[in-house]
Amino acid sequence: MPALNFQKQFADKVEKGEKRQTIRKRPFQIGDKLYLYTGQRTKQCRKLGESVVKESYSIVIPNEDEIYFDDCILIGIEKEQLARDDGFECVADMIDWFKKTHGLPFVGYLIIW
């Protein structure tokens, strides 16, 4: 039963149900129960909710221009929709966040609940 921690910038969207996915380095299985938090390991820790994994896909961001979703390259509007669904204003913001936070290339999993 994994606990997922979300940065403050994403917490309200997760709590309101506006963000129902996350991109992580580790895989999750369909049916896994998720416990959603912000501020874990701090006095400001707050539970945002609970949910169950409905879908899981591989995702690769090899560079600033490409995103692969289950081995298929995303184009234009598909990349923008992925970024918005993940809580970003646009794909450029998402790529920049991953580049700064994890470095590129990024290899992980898109988890949908």
**Joint cluster assignment, Phe106 & Val60, ILVMFWY side-chain distance < 4.5 Å** = no
**Item:** hydrophobic_cluster_shared for Phe6 and Tyr35, side chain cutoff 4.5 Å
**Value:**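 No.
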**Message:** Please determine whether the number of non-hydrogen atoms from other residues, nucleotides or ligands lying under 6.0 Å from atom CG of Asp70 exceeds 12.
**Reply:** yes
**Asked** Does CD belonging to Glu64 count more than 12 external heavy atoms closer than 6.0 Å?
**Response** no
Identify, with sequence neighbours excluded, every residue that meets side-chain contact (heavy atoms from CB on, under 4.5 Å) alongside [X].
X	value
Glu66	Pro62, Asn63, Tyr68, Ile73
Gln40	Ala3, Asn5, Tyr37, Cys45
Gln21	Leu82, Asp85, Asp86, Leu110, Ile112
Gln44	Thr42

**Item:** Arg24 NZ/CZ over Phe28 ring centroid, <6.0 Å and within 45° of normal
**Value:**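 Ring-cation test returns no.
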How far does [atom1] of [X] sit from [atom2] of [Y], to the nearest 0.5 angstrom?
X	Y	atom1	atom2	result
Trp97	Ile61	CH2	CD1	9.5 Å
Lys13	Glu18	NZ	CD	7.0 Å
Lys47	Glu15	NZ	CD	11.5 Å

**Message:** Could you go through Ser51 and Arg20, starting from their C-alpha distance and side-chain angles, then the distance that decides it, and tell me whether this counts as side chain to side chain contact (heavy atoms under 4.5 Å, CB included)?
**Reply:** CA-CA 9 Å; Ser51 198; Arg20 301 195 51 79; 3.8 Å; yes
**Message:** So, using side-chain hydrogen bond (donor to acceptor under 3.5 Å, both in side chains) as the criterion, who are the partners of Lys100 when residues are at least two apart?
**Reply:**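 Listed in chain order: Asp96.
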**Complete:** Sorted by chain and number, sequence neighbours left out, ring pair (Phe, Tyr, Trp, His ring centres under 6.0 Å) with Phe69 holds for Tyr57
Do [X] and [Y] have side-chain heavy atoms sitting under 4.5 Å apart?
X	Y	value
Arg84	Cys90	no
Ile67	Val91	yes
Val53	Leu34	yes
Pro2	Arg26	yes
Lys25	Tyr109	no

**Asked** Using the ring of each side chain (for Trp, its six-membered ring), is Phe88 parallel, tilted or perpendicular to Phe98, with breaks at 30° and 60°?
**Response** tilted
**Asked** Is a donor on one side and an acceptor on the other found under 3.5 Å between the side chain of Lys54 and the backbone of Ile111?
**Response**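 A pair under 3.5 Å: no.
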